[in-house]
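Here the structure is laid out as structure tokens; the discussion comes afterwards.
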Amino acid sequence: MLKNKSDVYGFLTNLNATIGAKNQTSLPPALSQALLNKTFQLLAANLTSFNNTEWSQLFQNQLSLVLPEVTADQLSVVPPNISCPFFQAVVKGLSDQFPKLKPDKQQQIYKSLIKPYLTQKGSGCTEQVHSSTWISQNLGSFSPIPTFAEITTFNSNFSALDALSSLTPQQVASFAVNSDVGNSSVSSSIIMGTLQNKTDVLNFMTYLNDALTSKNQTSLPPALSQACLNTTFQILAANLTFFNNTEWSQVFQSQLSFALPEITSNQLSTIPQNISCPFFQAVIKDLSGQFPKLTKDKQQQIFKSFIKPFLTQKGSACAANVNSSTWISQNLGNFSQIPTFAELNTLNANFNALDAIPSLTLQQVAGFAVNSGAVNNAASSSIVVGTLKNKPDVFNFITYLNDALSTGNQNSLSPDLSQALFNKTFQVIGNNISAFNSSDWSQLLTKQLNITLIQVTADQLSLIPQNISCDSYHVVIQAFTAQLQNMTVNTQKQVYSSFIKPYLTQKGGKVTCYNQTEANSSAWFVTNMGSFFTHTSDTDLGLFANESTQQLFASDPACMQLASQLDLGKDNSMYYTSLLTSSSGFSLSSLPDKFLCSLSPSAIKNMNSNAAIGLIKKINKQCHNPSSGSAAPAPTPEQIEVATPLVSKLENISSSTLNDLGASAVGLSQTQINSVKDSDLVTSLSSLSNVTGWNIQQCKVIVRKALNGNFKVENMESLGSLASGLPSSKVQELSSTQVANALKNPQFANHLSSAPSCLKSVFASKLVGNYNTPSTLVNNIPSSLAGFIPKSSLNYKSEKPVIQDLINKEWTSDQAAMFFDQVAASETNFTQFSSSVLQGFTCSTPSKLNDSQVKSLAKAMLTQNTLLEEQQLNCLSRQVIKSGIPMDLDKYPKEILWFISSSNYTMGGCVDYFTVVGQSNISILTKGSELRSRLLTQALTCMNVTNTSLTDNHVKVLGQLACDLNATYIENGPSSLLTQLSQCGSFTTVQQNSIGAVIAKGTTVYGQPSKWTRETMTSLGSLNGCLGKSTLNSIPKKAIQSWMKDAFQSSKLSRKQCASMVSILTPTRRRRATGCDAGNEITASNVQNVLLPLLYTVDQLDACLNSSVLVDYLPVLSLMPFTDEQLAVLKKKLDQAYPNGYPESVIPDLGAISFLCTESDIAKWNISSVDTLEGLISPGPPNNTAKLYISKYVDSAKSINGPALNVIGNQYICLLTSAQLNLITATAISEAKPLSISNCNQTVKDALYLKANTSFQSTASQPLAYYNLMKSYLGGAPAADLKNLATKNVSMDIGTFIGLNPEALKGLSVDDVKGLLGTNVVDLKANQDNSVVSAWIKLQKQSDLDRLGLGLQGGIRDVSQTSTVSTISSTTMTTRTNSAPPHGTVLGYSVFFCVVLAVLFS
């Protein structure tokens, strides 16, 4: 229908009018397509001649309704060479219809028409046109479609800044990324000014990221980044509070990531501080991602202004339900390297660095290691050091450690960390260590590993090669010396024994690192040992150099100066001093004052009287000068060895001389003391009374002379240290008030602690007479005398004991038993009780307490390390487990387990049970006792030990139980068994022989005896007493002499034990007397040497000991470990000195010599004082000899009082005859300590019971007090008295019951025994095989025994019971054949016959 241009225009005009009239804006697609096709078909030939008006008319008016359906093919009819105005007219028409175009249609139009045209002519359309106008004219609504790059291609003169309002955010973003506009703050601000809201911002940031990604860029110029950040935070500020986690993540992890390297603290301050942890973590995640791009300053700014403030407030809250490693990752990210370890702890109160070690820097790990206190074991130290991967890590870490230590004013690490770091360092150094020179060693140990040296171990010291040069060795020693003051003594010893000693002995007999031609070569001790010289020994020094070379080194000025500054210890000081004084040409005047205290007698051989007194004054000033507020230290045995020959050089001793002697006065011989005028001696008492270290005989002689010189005994407190010499008879003469007043002087009372027991007893009895109540007595008795108060004087009766008064004194268990029940019942806090009070627990105590109190009491006994006896423990354990075994059994004394079956142990299996038993004090039980033996047998069974071969683990479990293993176990046991046995108190002869045989093999941990040192013998402990002859003779003489001297002086070995060794080590064959070799005479210069028995054979002793010397120093010589043969020499010489018998003043000092005295010798003696008797009894003479002593004393004294009973004591009380027993005074028993009479014959028991019953009858109205007083004497009690006691609820223990008179027990019924034993009656079952218990059971009716409910069998059956048994048996047997007599009848007759016999013989 449409034929030409006019038809088209006319139709389109009418169509538009019609559609407009109907308010329609479009046609159906098919119609639109038809019209477009027809229009472009008819107009195609004319388009090239179209003018601007025509183009505008066509695209902006006629075709407006159909253009939404235009296609690329249809638009292709538009000539590509039309002018800009014509093109712009077309674009305007199409732009007007843009909203109606589908997106793909928009793209088609752009790609097929607009882009091709502008690519060709875009720049030509820009003349005199603003870029914004250009976009409007040439792109119109299609401007969002091209990229910014395409726009600049279309228009090479395009200015985006001029056209910002016409550009999309995506195009602006591309412009920002692809131009240098971002370098300008002004331009950047203009760009960001186009963003008006949150959506604009978020979209723009997305586009920026896309643009950067397309260019493989990750950041913008600083100016643009700042502008982006400012605008973003400005626009979003109001909304940030309401952001959710997704939005925070979007902003910081997506949109702003490119700008974050330029973020400022002001910008971050817009983020609310109250945001949640997840929101904060979202921010941190992106900031952390940008961390490498941040400058150091920027990193610090972000941490300080944003992260730290937030975490300070909410750090711990953000740690909920995550470990510390995750917390660091979420809340700090890469910023975790900025805070110090201390700050991390502040930011998260629950921070666990060990969990986060991989996330920490070495510097933070160092801060953790130094300041946390958590790196204190091998496991944590391994984790810390495990972070160090290479050599730089190790040394950087050490640097940080030093910084952290310095900051905290610390100087050491934990032992485990030190050791782990030391090991790691040597590991990373590896084989390079062999090439180290002295400079390398200095760098390593002085500057790097110095902080680890104070914890170094033997294994680590072995990492230092022993073949390093002397220069390197000296550097190493200097490094260790610099740290010595911070090392423990044990570590110092390890450095010496594991490094220094091996290095210095590696050349055998040649002195290591010594060249006598070099300057200062004699300062060898200083150069090669430094301050570690204090840990050497005379034995070791002998390995380093011979004696003459040692003397050279010792006398070097540098060494003398060093030694003067060190605490060498007694033995090293003695040896070093001997090296100096024995050096050729050495003058004693040049000896440093410090070593005056370590002189040996050989150093003063040729000294005259004047020189001696001068040296004495110097020694007193240096060695015995009291420090402020304290007494002068007592002289050591070695110092007395020097004082004796020094003082022996003095003549005409006056009071002035005595005052000058000071502490050296202990060297005075008896002859010298006796030579002093009595008056001079009294004048000098003020000086002599302050001297400590006197022996008893010196005290007695001085006091005797003082009394002769008109010294008044009532002034005895002025005797001071001489108080031990007071005759007990003189004290007895004083009134109680005088004695009490004297004892108010604390110094005097303290000096009595070393007085003989007899004298202490007299003082105590005097105090008892002065104070009429236990409370006043307890408050006023000095601690040194508390143990000598008679039990009866501690009977408080109705008076209430005050625990605070009691806990400050030391009591015996017998004393404490007198008041314990009273204080236990009135107190609730048993932890305040002292051990000596707690040992007063008796089997009656639980009746005064409830179960809870008993358990608290038992726990206190563990805390206070209270020593209880077997019967006490038995009673205690019964009460503890009465209501079941406690779950906290480990808080009770281990000994309680003895009375609990391993099957009932609630804290583990039987091995666990016996492990605890093995740690208990087995020595409480008598060796060979039934209980002790049973525990060992059960322990072996528990561990399935079926043969005699033990393992180390067996020994560990057995513990103290191993002390009872038989010879076969010992001989087949591991080395650890000997170590365990060394802690045992005693052995049987068979055990001793086996132990000695095992040690003699030389295959034990102690090695070959020929290589032993004094330290080896010390470590043997009680095993020394088991050494056989071959072993003792193999030990180096120097070692055994040094050890024996120390052991004897420190009382580790008794005189008898040492004498036994001496008898093995000294020749026994007598030889023809040849006189004493010159210089070997026993004089004041060597008489104090306790090794004299080892140094002199019997013949030499006879030849070299003068009788006058023996008499002068008898108190000293009689205590030495001489053999019987040597003692015989001493006795012979005493007999020569006193042919008419020994004076009484000499007798107390005889010591072991008295054992050799015969009855005829003793007959010549006068034993008139209890002091003399005590001197004879205390060494423990044989019974027959002791009996003679006692008889001699009783014949003289005509009575036996309390002090005398104490002297006779448990060991000899059974020796008294009936006549002597009758001489015990009425008050003696009550004044004396309790006597154990269980080993006495019944006559003695009966007599002592009668004496005791009379003494204590006044307390009979107090059953428990009476029982406690009488307990040790009940073995002599008759049946009637026991029956009476059975009604008093005394809770007698089973041990006391077994000690009762068997004849008396026959008169006790079952009810009587039940009354005596109380709750302890159950112990009858466990002891039913005991002869005493068994005999009593056989005498009781079985029906009565059955009432006890203990299952005791063996009693007399009632006739009715027998008849019943007979009848039942007969009835039963009637079913059997009649060919044999009924067995029931036979049984009935047999039982009846037994009953009749029992009755007849009862």
Side-chain angles (χ1 to χ4, degrees), residues 647 650-752 754-756 758-763 765-767 769-770 782 1111-1112 1115 1143-1149 1166 1168-1172 1174-1175 1196-1197 1203:
V647 173
L650 304 182
E651 301 171 356
N652 301 320
I653 299 176
S654 63
S655 60
S656 174
T657 308
L658 289 174
N659 292 333
D660 288 340
L661 288 179
S664 296
V666 295
L668 287 166
S669 69
Q670 293 192 56
T671 299
Q672 287 177 304
I673 297 173
N674 282 319
S675 70
V676 179
K677 293 179 181 179
D678 295 346
S679 57
D680 283 350
L681 200 144
V682 171
T683 303
S684 301
L685 277 180
S686 59
S687 172
L688 298 176
S689 62
N690 288 314
V691 173
T692 53
W694 300 108
N695 63 47
I696 292 296
Q697 188 57 29
Q698 287 174 314
C699 291
K700 287 181 177 180
V701 175
I702 293 173
V703 171
R704 186 184 72 244
K705 286 183 68 63
L707 292 172
N708 292 338
N710 294 320
F711 174 78
K712 302 300 181 184
V713 72
E714 49 266 36
N715 297 325
M716 57 188 169
E717 64 267 29
S718 64
L719 290 174
S721 59
L722 297 166
S724 297
L726 277 166
S728 58
S729 59
K730 289 292 183 181
V731 179
Q732 286 279 24
E733 294 171 2
L734 297 174
S735 70
S736 296
T737 303
Q738 287 175 313
V739 173
N741 288 335
L743 288 174
K744 290 178 180 178
N745 182 320
Q747 288 78 23
F748 175 70
N750 185 56
H751 283 304
L752 286 175
S754 58
C758 179
L759 183 59
K760 291 180 182 178
S761 296
V762 172
F763 270 104
S765 67
K766 284 292 182 180
L767 284 182
N770 191 67
V1111 170
D1112 236 2
E1144 187 164 6
S1145 61
V1146 170
I1147 294 173
D1149 300 323
N1166 181 28
S1168 62
S1169 76
V1170 71
D1171 299 329
T1172 304
E1174 182 178 28
S1196 175

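Values below: all heavy atoms of this structure, side chains included; hydrogens, waters and symmetry mates excluded. We count residues from 1, following the sequence as given.
Put simply, CG on Leu681 and CZ on Arg704 are 10.5 Å apart, with the number rounded to the nearest 0.5 Å. Taking CD from Gln732 and OG from Ser1169, the interatomic distance works out to 11.5 Å, rounded to the nearest 0.5 Å. With values rounded to the nearest 0.5 angstrom, Ser687 atom OG is found 8.5 Å from Asp660 atom CG. In this structure, CD1 in Ile1147 is found 7.0 Å from CG in Asn1166, a value given to the nearest 0.5 Å. Distance check, rounded to the nearest 0.5 Å: OG of Ser679 to NZ of Lys705 gives 9.0 Å. Taken to the nearest 0.5 Å, the CG atom of Asp1171 stands 9.0 Å off from the CD atom of Glu1144.
Inter-residue side-chain proximity for Trp694 and Leu688 is flagged as met; some heavy-atom pair is nearer than 4.5 Å. Side-chain contact between Val703 and Pro727: present, with at least one pair of heavy atoms (C-beta onward) separated by less than 4.5 Å. Between Pro1115 and Gln670 the shortest side-chain heavy-atom distance falls below 4.5 Å. Under the 4.5 Å side-chain criterion, counting only non-hydrogen atoms from C-beta, Val676 is not in contact with Thr657. Contact check for Leu658 versus Leu668: side-chain heavy atoms found under the 4.5 Å cut-off. Side chains of Val682 and Asn710 form no contact here, defined as non-hydrogen atoms less than 4.5 Å apart. The shortest distance between side-chain heavy atoms of Ile702 and Leu685 falls below 4.5 Å. The side-chain heavy atoms of Ser724 and Pro756, taken from C-beta on, include a pair separated by under 4.5 Å.
Of the possible donor and acceptor atoms, one in the side chain of Ser684 sits under 3.5 Å from a partner among the backbone N and O of Ser655. Counting only distance, with no hydrogens or angles, the side chain of Ser689 and the backbone of Ser721 share no donor-acceptor pair below 3.5 Å. Side chain of Ser736 to main chain of Lys766: a donor-acceptor pair is present (N/O by atom type, distance under 3.5 Å, no hydrogens or angles).
Leu767 and Pro782 make their closest contact through CD1-CD, 3.7 Å (heavy atoms, listed as atom of the first residue, atom of the second, distance). Counting all heavy atoms, side chain and backbone alike, Pro1148 lies closest to Lys700 at CB-NZ, 4.2 Å. Residues Ile696 and Ser754 come closest through the heavy atom pair CD1-O, 3.9 Å. Taking all atoms of both residues into account, the shortest heavy-atom contact from Cys758 to Pro1203 is SG-CB, 4.1 Å. Of all non-hydrogen atoms in Val647 and Gln672, the two that sit nearest each other are O-NE2, 2.9 Å. Residues Ser728 and Val1170 come closest through the heavy atom pair OG-CG1, 3.4 Å.
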Decide yes or no on side-chain contact (heavy atoms from CB on, under 4.5 Å) for Leu726 and Val713, but give the supporting numbers first.
-> CA-CA 8 Å; Leu726 277 166; Val713 72; 3.8 Å; yes
Check step by step if side-chain contact (heavy atoms from CB on, under 4.5 Å) holds for Lys744 and Asn741.
-> CA-CA 5 Å; Lys744 290 178 180 178; Asn741 288 335; 3.6 Å; yes
